[in-house]
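To start, the structure under review is shown below, and the notes come after it.
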Amino acid sequence: MRGRRNMRAQLIAGDGPLARVRPIAVFVVVIALFLTGVLVSGLIGAVLLGLLAAGVGVLLATTWSVLRPNERLLRVLVLGILIAVAIIQLR
């Protein structure tokens, strides 16, 4: 079963700061930030979603070389949707 991942495994291989973060903690923080950004309209919501988009962008840039082309496409698509939702929050 290739699709399942051990929730205690490292998020990113290596010994950097993200290697010590538990994936479940990241998931909870991302969901909370996204929901807060969507539910709080206006500038504050857009800023929260922008911060999330910046984090996703940094993570995408960091892992770009180890991703397969279809994984890259999906992550760029998610980043684009996140940026679009942030822009919509400004209206």
Side-chain angles (χ1 to χ4, degrees):
M1 231 181 183
R2 187 175 190 274
R4 299 219 47 186
R5 179 183 161 100
N6 181 359
M7 293 308 288
R8 294 184 187 267
Q10 286 184 329
L11 191 58
I12 295 179
D15 59 354
L18 288 179
R20 294 182 288 267
V21 177
R22 298 179 85 186
I24 192 72
V26 173
F27 178 76
V28 169
V29 169
V30 167
I31 291 297
L33 192 57
F34 178 77
L35 288 176
T36 304
V38 169
L39 294 175
V40 175
S41 60
L43 183 61
I44 295 173
V47 167
L48 291 174
L49 291 171
L51 289 172
L52 185 57
V56 169
V58 168
L59 189 58
L60 179 61
T62 303
T63 59
W64 187 264
S65 63
V66 297
L67 295 174
R68 295 184 303 235
N70 59 340
E71 293 172 328
R72 291 175 181 172
L73 177 64
L74 182 62
R75 285 169 172 83
V76 168
L77 182 64
V78 168
L79 181 60
I81 291 170
L82 187 57
I83 291 169
V85 172
I87 291 170
I88 289 170
Q89 285 294 79
L90 289 174
R91 294 179 181 210

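We use all heavy atoms of the structure for the numbers below, so side chains are in, but hydrogens, waters and symmetry mates are not. We're numbering straight along the sequence, starting at 1.
- When V85, V40, I87, I44 are each tested for a side chain to side chain contact (heavy atoms under 4.5 Å, CB included) with L49, only one passes: V85.
- The side-chain heavy atoms of L67 and L60, taken from C-beta on, include a pair separated by under 4.5 Å.
- Annotation: the span from I83 atom CD1 to I88 atom CD1 amounts to 12.0 Å, rounded to 0.5 Å.
- Cluster membership check: L74 does not share its hydrophobic cluster with L82, using side-chain heavy-atom separations under 4.5 Å among Ile, Leu, Val, Met, Phe, Trp and Tyr.
- In the hydrophobic clustering of ILVMFWY residues, with side-chain heavy atoms under 4.5 Å counting as a link, L52 and V29 come out apart.
- Taking CZ of R75 as the reference point, atom OG1 of T63 lies at 6.0 Å (rounded to 0.5 Å).
- Tested against V30, the residues V28, L33, V26 include a single side chain to side chain contact (heavy atoms under 4.5 Å, CB included) partner, V26.
- Side chains of F34 and L48 form no contact here, defined as non-hydrogen atoms less than 4.5 Å apart.
- Using a 4.5 Å heavy-atom cutoff, the side chains of W64 and V76 are in contact.
- Side-chain N or O atoms of Q89 include none that pairs as donor or acceptor with a backbone N or O of L43 at under 3.5 Å.
- The shortest heavy-atom contact between A86 and G50 is CB-N, 4.3 Å.
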